[in-house]
Structure formats: C-alpha cells, structure tokens
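Everything below concerns the one structure shown next.
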Amino acid sequence: MVTIQDFDCSYENNWCPGCGNFGILSSMKEAFAALDLPPEKLLLISGIGQAAKTPHFLKCNLFHTLHGRALAIATGAKMANHELTIVVNSGDGDCYGEGGNHFMNAIRRNVNLTLLVHNNKVYGLTKGQASPTSDIGMVTKTQPHGVIAESFNPLAIALSLGAGFVARGFSGGGEQLTRLIQAGMKHQGFSLIDIAQPCVSFNKVNTHSWYKKRVYDLQQENHRTDDFQKALELSFLWGDRIPTGILYQKKTPSFTERLGIEKDGPIIRRKYDPLKLQKVLSAL
Amino acid sequence: MVTIQDFDCSYENNWCPGCGNFGILSSMKEAFAALDLPPEKLLLISGIGQAAKTPHFLKCNLFHTLHGRALAIATGAKMANHELTIVVNSGDGDCYGEGGNHFMNAIRRNVNLTLLVHNNKVYGLTKGQASPTSDIGMVTKTQPHGVIAESFNPLAIALSLGAGFVARGFSGGGEQLTRLIQAGMKHQGFSLIDIAQPCVSFNKVNTHSWYKKRVYDLQQENHRTDDFQKALELSFLWGDRIPTGILYQKKTPSFTERLGIEKDGPIIRRKYDPLKLQKVLSAL
Amino acid sequence: MAIDITVKIAGEAGQGIQTVGDLLSLVCQKAGLYLMGINDFESRIRGGYSFFQLRISDRPVYAPCPEVDLLVALNQKSYDAYHRELTSEGLSLIDIQGEPLANQVAIPIDELAAKAGGKIAANTVAAGACLGLLGAPIQILEGILTDRFQNKPGNVLEMNLSAARLGFDHVRDIGFFKKFKWKMESSKGALIDGSRAIALGALAGDCRIASFYPMSPATGVMTHLVSLADEFPIVVEQAEDEIAAVNIIVGASFAGARAMTSTSGGGFCLMTEGLGLAAITETPIVIVNAQRPGPATGLPTRTAQGDLMFVINASQDEFPRFVLAPGTPAEAFEITIRAFHLSEKYQVPAIILADQTLNDSIYIAEKPLAAPQKVERFIVDDSRMESPSDYRRFAVTESGVSPRALPCNGKALVIATGNEHREDGHTSEVDSDRITMMNKRNAKWPAMLSEMLPPETDHGESDILLVGWGSSKGAIRESADLLRKQGVSVGAVHMTDLWPFPADTVKKILEKCNRFFVVEQNSTAQLGRLIREQTGLAHNGAILKYDGRPFFPSEIVDGLKRYLS
Amino acid sequence: MAIDITVKIAGEAGQGIQTVGDLLSLVCQKAGLYLMGINDFESRIRGGYSFFQLRISDRPVYAPCPEVDLLVALNQKSYDAYHRELTSEGLSLIDIQGEPLANQVAIPIDELAAKAGGKIAANTVAAGACLGLLGAPIQILEGILTDRFQNKPGNVLEMNLSAARLGFDHVRDIGFFKKFKWKMESSKGALIDGSRAIALGALAGDCRIASFYPMSPATGVMTHLVSLADEFPIVVEQAEDEIAAVNIIVGASFAGARAMTSTSGGGFCLMTEGLGLAAITETPIVIVNAQRPGPATGLPTRTAQGDLMFVINASQDEFPRFVLAPGTPAEAFEITIRAFHLSEKYQVPAIILADQTLNDSIYIAEKPLAAPQKVERFIVDDSRMESPSDYRRFAVTESGVSPRALPCNGKALVIATGNEHREDGHTSEVDSDRITMMNKRNAKWPAMLSEMLPPETDHGESDILLVGWGSSKGAIRESADLLRKQGVSVGAVHMTDLWPFPADTVKKILEKCNRFFVVEQNSTAQLGRLIREQTGLAHNGAILKYDGRPFFPSEIVDGLKRYLS
Ligand SMILES: Cc1ncc(C[n+]2csc(CCOP(=O)(O)OP(=O)(O)O)c2C)c(N)n1
Ligand SMILES: Cc1ncc(C[n+]2csc(CCOP(=O)(O)OP(=O)(O)O)c2C)c(N)n1
Ligand code: SF4
Ligand code: SF4
Ligand SMILES: [Mg+2]
Ligand SMILES: [Mg+2]
C-alpha cells in the first residue's frame, strides 16, 4: 500500500506561504496514494513557472523542462514507452501562453497523460504579468490600464479539439480535487484538469475567498458527463457561479493506441535486428 | 473607381493548374474592387506556403513573411499604423499548425484585420503531408496509415476565443466568397474566413466536386449571425452538409481601439519630443 | 584616500530589501557620492536568500566589492549566511532580542516601526538606522521621504518620517569606523540601472513599438517602458511568446515604427528565425538579449556572458548585423540610441547584449543622459521618387542600402518577402538574383564597420592588457588599477562594439602589449575566440567566472596573478 | 581515358523527370558504372523549370559536371533554357514536330507512349530512348521494369516494356559520340541519396523515435524513415512545429529511446532552445540540419553551407556538442550511426550538418553500407547500482559522464531539470553546484575530441591545399585532380568532424602546405573563420559560391586560378 508519506521529499519547497499550489500538491499525493502508485512508477513532467516546480516537491521521477514545452516532451516520452504513467504540471502561462500550440496538439493526438494546469490567472514566477487567462481589466505592472485581450478559455478549447476528459478543479477543493486527479489518471487518454488556484502574491482579484463563493461541484448536481453540448455551454460559465468537476468524458483510442505501438511492448524494449537491416542495405 | 484589372500584376503565378487558390485570388480582387480599395491602400501579409504566395500574384503592398508568423507580423504592423487595411493570406498548416499560437492570440486581441485561410487540408508546398485540418484517415506519404489526430476545427476554436467574425468560404464559391471577404473587411475587428480549397495535387479526398456536393450557404437559410450557441453548433458540422457563410458576427472594440491609440493618429505619425524626454532624464 | 563603504542588505524575498536599498542609494546620490549596487536574488517570490549590495564611495565606482562594512540583516539566517563577509571592524544591523555579538548592532526594527505607526514602515526604520550609522545627515532622507509620500493619503508621510528618525536615532551614538564627510555636494549623475537605461535609450532612439514575453533579467526593460508609455508615443505589448514578440516588432518596423524587443537566452533562441526575417527583408529591429546563465533555463536570476558567439552567428545563413554590449547604464543608454539609429540607417538588425548584472544593478551614470535634439530617419516617400510606381524596395545601390518606403504611404508599392527576391521585392529563385541580393546585403559591411567605436583602453601602453566586454567593465578596470598599484604593468581594454568586429583597431591595440588576457563570464573565453578568429591574435590566458555572480575586482587580480606566478 | 557522360533531363515540375532519372540511374548502377546525379527544382509543384543532371562514368564520380552530353528536354522551354550547356557533339532528345536542329534528336514521346498503351508511359519511352542513344543493352532496363511492375495489375508491365523498347528502337541507329562498353560488371555500390543514407544510418544507429515538421530539404530523411517504420522498431511522428519536434525527441530520449529530428535552418532556429535543454539535462539527441540558403525562407529547394558557425554556437551559454558534416551518402550513413553512438555515449546533442545537394543527390556509395552487428547502449539500471534509492542522475565523474538510468525502470528515481542543478537532479542556485555542473559537462570535451576523425586528405603533401566540408567534397577533390593534371601542386582536405574541432590535427595538416584556400558554399568562409579561431592559421583565400547551386569542379579550378594569377 502506497501512502501519502511515501511522497515526502527533503527538497525545500519554495512557494509563497498561502499559495494555492500547496493544495494541489496535497491532492496529487493523495491521488497517487489512492491509486497505489509508488514514486518509482510515476513520471512527472513540467514546464517552467511556479506550477512547474511542483515535481521537485514530492518524491517521483521527474523532468522539469522548458517554459511551455512540457506536453511536447511528455508526448515523446510516451511514444518511447507507452507504459509510463505521466502527469504534467503546468501553469496558465506555461500551458496556454508559451505552450499554446502544444496544448492544442496534445489534445488532438489524445496523448494518454494527465495534465494539471495550476491556473492562477497570472505569471507568478516572473512577478505578476498578465497571463492568457487573466480576466479583462486585471491591472498588473505590465498591464497598468488592465488586460485588454479576451481571456483564454481552456475548457472550451479542449472540448472544441475533441478532448475526452475535461475538468475544472479548485486548489482549495481538497478531496474533490483528489478525486478529479484520480479520475483523470484513470482515464485512458488525454485528461485536462484546469485548476483554479489563487496566487497570494500577484493575483489580488481571483483569491481563495473569491473562488470559495463561486465554485460548485458539477458531480453534486447530477451533471451528465457525456453531454457534449451541455459541457460546452458550461465551459463558458465564469462569474457568480463557476462549475468545477468533470465537464465531459468520452473514451476514444489514445495516441499510442492509434499509433498501433501498444501491442508489442514499449518501443524502448524492442530488439535491434542487424540482419533485417542488412537486407535493406544490400538491396540498394 | 477601382477595377479588378487594377490588381493585375506581371509576376508569374506558379500554382498548379486547377488549384482552388485561383478562385480565392479572383474573389479577393473582386472584393477589393467592390470596396474601392486601390492596390496602394492595401497591405497583404502572408506566411509561407502555397496560400501564402497569394500576395505576389496581385498588385498590392505585401509582406510575405515566415511560415506561421503572418498574424504576429500583422499585429505589429497594425500597432504601428492602425490605419492600414490588412488582409492576411495563410494556409491551414501555416495558420493552424506552425502558427497555432498566433492564431489564438490574434483572436484574443481582436486585431482589426481579415484573415483568409486557404484551407486545403494538406501541406501543399512541402508536397502533401497531413495538415492540422486533414481528416482522420487521410493517407499521405508521411501518414501512410492515415491521419490519427483529431482534425483541427478552426471555427469552433475561433468562437471559443471570442472571435467577432467567423465565416467559412469555399474557393469555388465565386460571388459568395467575394461577399464574405467584403464583409470580413468591413468588420471592425478580427475576421476569420476559413476557405475550403481543393488542392488538386495532394488532396484527393476533399476535391472540388466533393465540396460542391456538400456546401450550402447559411445566409440563404436565414441563419442568425448573432446566435452564438447556434454558431458553435454549426462549427462542428462537417460531413454530408458543410455550412458556408458567416456563422457569427459581433462587434467588440478592436485591439487598437482597446489600446487607446486610435485617437491621436497612427503611432508612426507622432512626434519625437526631446524636451519631454530630457525632463525624465534629468530627474534621475 | 578614497572612502569606500559596502553595505549589504540581506533578507528574504518579499522582505523589502529593495526599499531599504532605494532609500540608501537616493540619499547617497543626493549627497554627491558615487555608488554601485548589485541585486542578488533567487528564482522565487517569498523566502530564501536575497541581498542588495551597495558600494558607496567619494570616488567613482563601477564594480561591487566583496568585503562588507555594514550588513543589514533583515533576519537571523541572513546574518548567519553573510557575517563572514564583514570586515574586521564591520558591523551588522539586526533585529534581535538577546545580547548582540561583537559585530552586531541590535535594533528593534519592527518595534520602532510599530511605534512610528505601522509595521509597514520597517524598511524606513532600517534605512534610517543605516544612514545613522554611516553618519549621514537625516535631512536628506527626510527630503526623499517627503518627495515620495507627500501626496499619499493619511499619515503615510508622518509615519515614514518618524520611522526614519527612530531608526536613525537608535544608532546615532555608535561610532562607525568609516564615514563620509557628507559634504552635500550636488549629485554626480543619474542614479540608474541598466534596464531603465535601455528603456530610456529606446525612447531617446525614438522607439515606437515594443513587444516582449516576460523573462528574467529582460523584463525590467519593458516594465520601465510600460511605466513611460502614457507620456510618450510608444506602445508596449506583451506577446503570447517570444516568436510573436520578435515578429510583432518586425511587422511594426515594416510599417514604419522603430521597434524593439527584450529577452534572455531561451527567448532569444525562439527569436532567431525572426531575426533572419528582419535581415533578409532589411527591416530594422533592435533586440535586447539580457544574458543569464544557461544552458536552457539555467539560473534565471543570475548573470552571465555566454551568448556572444551565439548572437553573432544566430539564424541560418549569413547577414550583416550589429552586436553592441554596454558596460554601464550610461553606455547602455547611448548604445540603445545608437542601436536604433544604426539599425535603421543600414536596415539591419541590431542586438544589444546586456546581462543580469547590468540590468539589475544601480550605478551613478558617468555622464549626463541627454535626449538627442532630433532623430534622423531613413525613410523615403513618393515625393522623393522620380516615379513612385516604379519603386523597388530592394534596388541595388553601392552602399547596399536601398531607399526604404513604407506600405500604404503613397503610390509606391512596398513588396517584401522572407524568400530570396528580386529588386522589386518579389520572390526569385534565379541564381543571379540570389547573388545580387547576397552581395547587396553584404555590401553594407564596410560602412557598418566604420561606425564601430574602438575599444576603450585604460593604460593601453601597459605590458599586460586585460580585455573584456559588457558589465564586467568596472571590475576589470578596477582590477587593473589595483594591479598597477602593486607594480604590475596592467591596462584594461573594454569592447562595446563587437560586431562587425573592429579587427584592425583591436589588432593595433593588442599588438602593442606583451601579453593579453581575456576576462569573461563564460567558460570558453568567447571574446578570446572571436579575437583570434578576427585578428589571429591568441590570448595568453583567460580569467573566467561562470557561477552566475558578477566579478569582483579582486577575483580578477587573483586570476591574473595565477598566470603571472 | 575514362568515359564520362552527363545527361540532363529537364522539364516542368510534375512532368516525371524523377522517373526517367531513376530508371537511367538504376540501369547504370546495374551495369557497374559510377554515377552522381543532382536534382534542381523550384519551390512549386507544377510547371516552371526542373532538371535532374546525371553524370555517369566508368570511374568513380562524386560531383556534377556542367557540360551536358545528352539533354532530354521534356518540353521546348527546357531545350531553350539549357541547350547552351550541350557540348559540341552533344545531342538533345526532344518531342518536336518539325525539322530538328543539328543538336536535336526528335522523338515523338507521347505518340510512342500512346502506342505502348498510355500516355503515362511517356517517361519510360524517354528512358528507353536515352539508353538507346547511350548504347546500353535494353535488357537491363527490361529487368528493372520487370522488377518494378511485375506485381502491378493489368498490363502495366507490358505497357512499360513496350514503351521502353519503342523509345530505345527509335534512336538506336543514331551514333552517339560517347559510349560505355557496357561490360555488365557487377554493381559498384549502393545507389543512394543523402536523405536515404541518413534514414538508414538512423536505423543502423538504432533510432527508435523520430519527429519532424516538414521542411525542404530535410523532409526526405523522414519520408524514408516513414517508409521503413512498419518493418523496424521506430515510430515517426509529424509534429505541430519544430519546437514540438525537438522536444518530442528530448522526451523520447529521456524515456530511453534513441531519437532524432531533421529540419532546415528556420526550423533549426526554433529548435535551439530545445537543443539547450538536451544539453543541460544531458539527454542524447540527434538533429539533422539540412542546409539551404537563407536568411529566413531564402531559397527553399536549393543548397548552401551557411549554418556552420550557427550550429556550433547555437543556444544560450555553452555546452559540449558534436557537429558532423557528411560529404557523400556513404559518409552520411556512417556519420549518422556515429552521431547516435557518440551522442548517447557522452550524453550530449549531436548535430548532423547536411545540405540540399547531399540530401537530394544520388551517388554510388563508395563503400558497402553495413549494419552494425550490435548497438552498444550506455544505460544503467538498479542491477548495476549499489543502492538504487541513492541514485543521482548527475553524479560527478572524472569523465563528466554520469551513469544514466531511465525513469520508471526500477527503484532509482530519475530527476532532471532544465535549470542548473545538483547531482541528484534537483534545481540549485548555489554557486558551487553551478560550477560543479558546468565543469562536469565541460569535462567531456577531451574524450569527445579524441573521438573526432582527422580530416581526409588527398595529396596532402601539395604546395596548395583546398579545404572544404560537406557535400562539396567530390567537387573539391576533382578540382584538385584537374589542377594537378595542369601541373599545379594542389591537394584536398575534407573535414567531416567539425566540432569539437580537431585543432591539432588540422594545424599539422595545414602547416605543411604553402598556402591553403577554403572552398565553401557561403559568403564569409565560415570554415576559414573557424580554422583561424581554433588554430590561428589564416586561409590564403576563399573560393565561395552562394547561389544555391552545387559546386562544379571547374568552378573551383577557376576560383583558385584567380588567386594564382
Ligand atoms: C522561453 C522562456 N520564456 C520566458 C521564460 C520566463 N518565464 C518563466 S516562468 C514564466 C511564467 C510562468 O507563468 P505560469 O506558467 O502561469 O506559472 P506560475 O508561475 O504562475 O505558476 C515565464 C514567462 C522562460 N523561462 N522561458
Ligand atoms: C519554420 C519553417 N518550417 C517549415 C517550413 C516548410 N514549409 C513551407 S510551406 C509549409 C506548409 C504549408 O502548408 P499550408 O500552410 O497548409 O499551405 P499550402 O501550401 O497547403 O497552401 C511548410 C511546412 C518553413 N518554411 N519554415
Ligand atoms: S507567486 Fe503566486 S503562484 Fe507563485 S508561489 Fe507565490 S503565491 Fe504561489
Ligand atoms: S500543390 Fe495544391 S495548393 Fe499548391 S498550388 Fe498545387 S493544387 Fe494548389
Ligand atoms: Mg500562472
Ligand atoms: Mg494547406
């Protein structure tokens, strides 16, 4: 039995006290333990940002990569070894800004991994510039007159691209978030969990209490997760009520299934065959 | 009065005979003439690809740039001189593949320009690889077992990002396409016209006659262009019936309006003021 | 003897080190002192270890000093981490309860702040105490606080004035071993960091459009520009990524605006393709690459000089470009103006190679920052053409520079492409067109080279020359001074204008010495490689530092001595 | 005397030039002849001007020849464009109605094809005619057609056989002035282009994952790999852009697969950040940069050698890497194998610098292509660790190479980051960690250098040496042969292993000659710059070509003579 303590790690956590990331980290550990996945069976891949530091703060295999590129790297890892259990930690800037194109294409491919976007609606690590998900009007040092671009809607985009698991979590959601992460990881295919996360240092608008007042759990309202149109509608809901939980779920073949490479074991385990190759070479 | 002939240019067109691009080129000239826009009042910006060659084949100011980057460049040009009338010619690979991130962000900014995506659902210039819009199953030299990723749905994505003018045209649409381009150019803000375009050399699936059987004109069916939900639904329609025309239209302030720079004339026309600057410098 | 004091303010990220440092610096500036202050911080927002290390002197200083005279420890762990740097008579200001150690001056910062009216004034208490120890007249600080807070509502001003005095009074009787005369001379120059200098240089270079994607240590340039954007005809746009940032400025420049972006290594990587577009379409752009250690994400908040060969050779194939590396904010200001001018004059990209030390450190500018009276533009319109309808954007000229018109600015049609092209701008694959255009672009080299300023030499007649570039300028110069005082014949050579490489001038300078050593913040001596590539002269050794921290003059002294012994 | 014939097949894009060329080449290979054929085409799909220029000889040939003996003009405008290249006795096969000119052989290609069974066989008619003129026995072509079409349904095989014969017979009585003996020796080697050689080298290097974004002239490598992917344990994925492509292979390699991507300049720009990630995380990857002229989009379908300094210096800061540039397909095959081996052995990125000429030209391989019997891997697992739970991915070792475990492959946890880090892989900003890791990575240089093959010299004892790299190898060698025949003492030096730069070896070679000249397809003599940077030796001149077309030996001869006169 894997326990939460199995993920304890001595590396110093350097997030700000009170940061929403702590809640996400806890739920991750709880979900991994609940799924009975020990550290050595887990590969966490992340980009760059406060969110992307997450893998360092628990025990696991990890690849902390480049700003925006975690999903491309995860795609490659999965191709090489489709048996890897991959969780990607990304930020709203990392995933929807710099990494926007990879976000769309990981969904189109249906890469079998779980994407946790720590969406604090701001660039945390670089000290508070607007992110793609910042609401219009949000004032920052580099947007002194407020953000003017439409806020990026990750859930609607994911649905439009055919994603098979689309959920919103809340870093203060505790057990609900743990359940969502478990469900995402059980889903065979790409799963997006966009997690509303307060940034106590730079986002003075979307605070913990701001969310507390607004979030509600779709699963407690008997939302049917197979209703695409409904999910799409819900994805645009952002205001007095903010839906959390699984908006939509549908199983379609994952990337490595579609590639047809799951049959003969991971690509990295296959054998090099000089005879076969020599035949090709000698025929030239 | 500007005439179609005003756009004639001696530079040799090098598209394949029968290519859908010719229809788009004709409609562009017709639209420009109908709008009474002479070549010298037009700036055409394009990426790289067969589609992106378009500006060379008519008389105009033009910037034929890098693969995928036309929209970023157009955004900059517009910031410098918001009075420019900019039309962007892009391909499905150019705009939705390499340029995916800029596509999303030009929409989020609502840059006031008209984007014509010559969507032949294939990489033409590089000889027939799959593009983001290739349908699942399409066989190419580099996808010999058929495309496996979900097809990119530009209309749904644009709508999800808050685009204010979302249309689909057909290169064989003649007058309808001309009207769409005119409407897009009249729209004050970002306008997307995704144009179904046969590629006679590399796309043997989505041919001219394939489309002819399927396309219908929304404007002839009294579609209400202010119904967002309906537009979103229509954006997913791809099969026996393919809607063309304006799916959705809504006026919101454009990028340069939101920036608040339209009041005092184009940025490039403002005056350099050494005194004001010296004041700042001397105060340090 | 010059008085030279180093104050280190150390604490956690988020504790307000910057505020204390700012006040201190302003007071010293107002008192006519010289100063140089480096910022050292981690890639986190709260906690950990940060410091601001301010060197103050009555003589010009352009480098940090490793020996600390006064350590303002905003918490115990900062004292523990840094007290070893204190000089024998040095003191540490610290808010502790019990008995202070010999080198500690206990001060109840929070308590005094509360007394003054709020914990928020703690930093003002610390600044007051600092200045008290240094023997500065409190009036200067009071004046600065008044300027800063007089328009704030409520008792903010009073609270701060009182906090300053409480801190000041608390330590005034402690005799600190080093003191300035505080003669109240007039300020010796602008108090400025590299980021602000580049931002102001951009305005003085008439930059109209800036676009960026946040990245340390390059964001500061843009933050400064944003803060000035309401007053000047400039628009700053945060892009979705660095690819967009560079292409936005290419588009802006094509449309007629002087335009710039600023980034650091990883972002510059993503800009290299756009750099090539600017080059082949002869669209002027200015890119600031503020270096930090890599590879990849490396050390995001630290300093380095590892990108020289990269920026000179970046992007496929070959084209003329300028690469300029300022050594101080004053140089940064002037180089930025020149970058805009040269880039537009020759229609080539200009790259400013800055680094974290330059961008995040404050200096007293060694010369006045002057806004140019006017900005020379290099743009034509119909009125200057015989026949606008025959306008060819890439017409061959002897200089390689073609008259540049703007799109939609008259009858002349502007046609440009990132493909190889004909004189009229249309794509061409004809071999003669290709050769013509390559030769046309390359024809700019000689005139571009003639614009390059020679390296600045100090005691250039010495036996040994230390050759460097960028923000280590001050440290190198000072190390040469120190070495000369020790009887070694050492001079300093500082290069700002790195590309086109002024080979003849450099050769002349270096041929005169017996031996030359390059001093660089990288591990392969890139300037050394470049000098050899361009002049054939091989450096006799390299003094290299690549731990992400700026050079101290003493390190260079030690480094050279290892070669001499 | 050697017999040496150049056949040029010219027409519009889409006319099937390639098919004629393929048949011709195969016949010559089967007859035991040597050949080298370049492809020249525009960035369009139909129309315009394209040609395939095949040089055939009974002696090895590795360069094209500008004088055409036989021009197969698939349309009138091709004849008009190229007939001036015909030698005095040369002939042009052309489908014209009226009276043929003196150097024309009229042949009703379409008519004969129709007679054979369909217009689609026109290319077979042309091939047959070509071979008829050259005096080849028709049996070889028949054999090839049979191999190719025997499993096709319907009358495809018959039609083609008949078309070949009709073409052949139509011209057989015309005495062509140059003829091989057609002795029917066995094939002298594999018939292969650079793209295929790299693809096969990748399989022989045990590449398991390939990812790419289409870009000329790099796509061919991937098309070949894709065509073999069903038979071998390799997965090829088209990425959304080049950034994804390079990061996909970094991820794949991290997970344990040998992985590669292939691209050209603009795509390489976008990969430079990922290159740095591979470097700092010591993840082996292989990148093929198939050069074409730039800057930016440049000339998409042409050739160049303009990226040497770029790939050596690409990405921020410094790290060890390999840069290898093959000169022929056989070299490309072996270099690709080595690239995978070296990259994994030293845990560094390896870049293969190819170019359009290499990738798109066919050659007879000068040595047999041999699949290695086994592939040495450099990966550890728990069984080779004393204590897997103490595994540190970046443990310091003397060689700088740390034991590399794979994630989720045992108890050992693999921790890696693109930030600077500790031995255990966690991010660190501590200066000593930084220095340790920089030194560890740099510690690989000496052993890496020892892996570098010395330049290949031909008549290295000559007064004058021509020094080059990449696909101009054949042309340079042949030009030296020609010059020696004219009594000039000229040798050739060909470099494939460019970085780490084998400075000592190169110096030794170059110091022996009186003068050396670099021969390059760029405008600034990049290898010349590099040689000077690394050895201090300055080239006495440079023979440069940058019109996007490959060197002809005679151009190099002329280029050198300009220096000698
Ligand atoms: C190529 C590149 N550009 C920019 C950066 C600088 N950078 C680091 S983190 C970050 C933003 C992080 O924002 P987000 O992903 O929302 O994460 P958060 O810190 O808010 O959790 C940026 C822009 C970088 N490291 N690399
Ligand atoms: C950075 C970069 N990558 C790749 C290419 C090669 N390239 C040129 S056009 C093209 C695809 C064009 O497809 P699309 O945009 O659909 O245009 P089409 O030719 O089909 O009209 C590609 C991949 C390039 N020029 N630059
Ligand atoms: S800056 Fe914001 S996101 Fe980052 S650790 Fe602090 S609170 Fe959390
Ligand atoms: S390849 Fe396709 S898209 Fe390109 S010109 Fe030919 S038909 Fe048109
Ligand atoms: Mg964020
Ligand atoms: Mg296309």
Side-chain angles (χ1 to χ4, degrees), chain B residues 9 11 14 39-43 45-46 48 53 55-56 59-81 83-85 101-102 104-105 108-109 255-256 259 261 264 266-284, chain C residues 189-192 196 200 203-204 206 208-209 211 228 231-235 237 239-241 243-257 259 273-274 276-277 281 333 365 368-375 406-408 410-419 424-427:
Chain B
C9 115
Y11 185 73
N14 63 20
E40 63 268 24
K41 289 269 161 66
L42 266 175
L43 173 56
I45 298 183
S46 66
I48 293 292
K53 290 177 180 174
H56 286 286
K59 216 163 139 188
C60 58
N61 291 280
L62 77 93
F63 199 8
H64 176 208
T65 65
L66 290 174
H67 188 52
R69 314 305 170 195
L71 285 173
I73 287 157
T75 302
K78 200 76 190 172
M79 285 168 72
N81 183 356
E83 290 178 352
L84 293 171
T85 300
N101 218 18
H102 314 305
M104 296 201 294
N105 284 281
R108 290 187 50 230
R109 289 192 181 95
F255 179 48
T256 41
L259 281 174
I261 57 173
D264 305 321
I267 289 289
I268 55 164
R269 301 265 146 73
R270 315 264 174 102
K271 287 276 158 290
Y272 167 75
D273 181 350
L275 290 180
K276 206 171 189 181
L277 179 58
Q278 193 57 55
K279 249 195 212 150
V280 174
L281 294 172
S282 302
L284 291 170
Chain C
L191 178 66
I192 189 168
R196 190 187 296 265
L200 291 168
L203 290 179
D206 205 15
R208 297 295 172 93
I209 301 290
S211 182
L228 293 160
E231 290 176 66
F232 293 91
I234 185 167
V235 188
E237 174 68 3
E240 56 272 28
D241 56 29
I243 301 175
V246 74
N247 284 297
I248 283 173
I249 66 164
V250 171
S253 176
F254 176 74
E273 196 195 14
L277 177 66
T281 60
F333 177 76
L369 307 180
Q373 278 316 301
K374 63 187 203 39
V375 174
L406 302 182
C408 305
K411 284 269 167 211
L413 294 180
V414 180
I415 296 171
T417 167
N419 288 55
D424 66 5
H426 279 298
T427 300

Non-hydrogen atoms of chain B under 4.5 Å away: do they reach the side chain of [X], the backbone, both or neither?
X: C:S253; value: neither
X: C:I243; value: both
X: C:S211; value: neither
X: C:I192; value: side chain
X: C:A365; value: neither
X: C:A370; value: both

Testing the basics here: between [X] and [Y], what is the closest heavy-atom pair and its distance to 0.1 Å?
X: C:A412; Y: B:N61; result: O-OD1, 3.8 Å
X: C:V235; Y: B:I267; result: CG2-CD1, 3.4 Å
X: B:Y272; Y: C:K374; result: CE2-CA, 4.1 Å
X: C:A255; Y: B:A80; result: CB-CB, 3.9 Å

Less than 4.0 Å between a side-chain N and a carboxylate O, is that true for C:E240 and B:R109?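 Counted as a salt bridge, because a side-chain N and a carboxylate O are separated by less than 4.0 Å.
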Does a side-chain heavy-atom distance below 4.5 Å link [X] with [Y]?
X: B:V280; Y: C:F232; value: yes
X: C:C408; Y: B:K41; value: no
X: C:F254; Y: B:I45; value: no
X: B:K53; Y: C:T427; value: no
X: B:L281; Y: C:L200; value: yes

[options]: which one forms the most heavy-atom pairs within less than 4.5 Å of chain C?
options: B:R270, B:K78, B:R108; result: B:R270
options: B:L66, B:L259, B:N101, B:I268; result: B:L66
options: B:P266, B:G76, B:P39; result: B:G76
options: B:H64, B:E83, B:R69; result: B:H64
options: B:H56, B:K276, B:K271, B:K59; result: B:H56

Per-residue contact mode, B:L84 against chain C (heavy atom under 4.5 angstrom):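 Contact with chain C: side chain only.
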So what's closer than 4.5 Å to chain C heavy atoms on B:L42: side chain, backbone, both or neither?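 Only the backbone of B:L42 comes within 4.5 Å of chain C.
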Got a sec, which residues hit ring-ring contact (aromatic ring centres under 6.0 Å, His included) with B:H67, two or more places apart in sequence or on another chain?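 B:H67: ring-ring contact (aromatic ring centres under 6.0 Å, His included) contacts with D:Y213.
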Verdict with supporting geometry, C:H426 and B:L62, side chain to side chain contact (heavy atoms under 4.5 Å, CB included): CA-CA 9 Å; C:H426 279 298; B:L62 77 93; 4.1 Å; yes
Does the side chain to side chain contact (heavy atoms under 4.5 Å, CB included) test come out yes or no for C:V250 and B:F63, once each step is laid out? CA-CA 11 Å; C:V250 171; B:F63 199 8; 3.9 Å; yes
Side chain to side chain contact (heavy atoms under 4.5 Å, CB included) for C:N247 and B:I73? Distances and angles first, verdict last. CA-CA 5 Å; C:N247 284 297; B:I73 287 157; 3.6 Å; yes
Taking only residues two or more places apart in sequence, or in another chain, which ones meet C:R196 in a side chain to side chain donor-acceptor pair (under 3.5 Å)?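 Listed in chain order: nothing, the list is empty.
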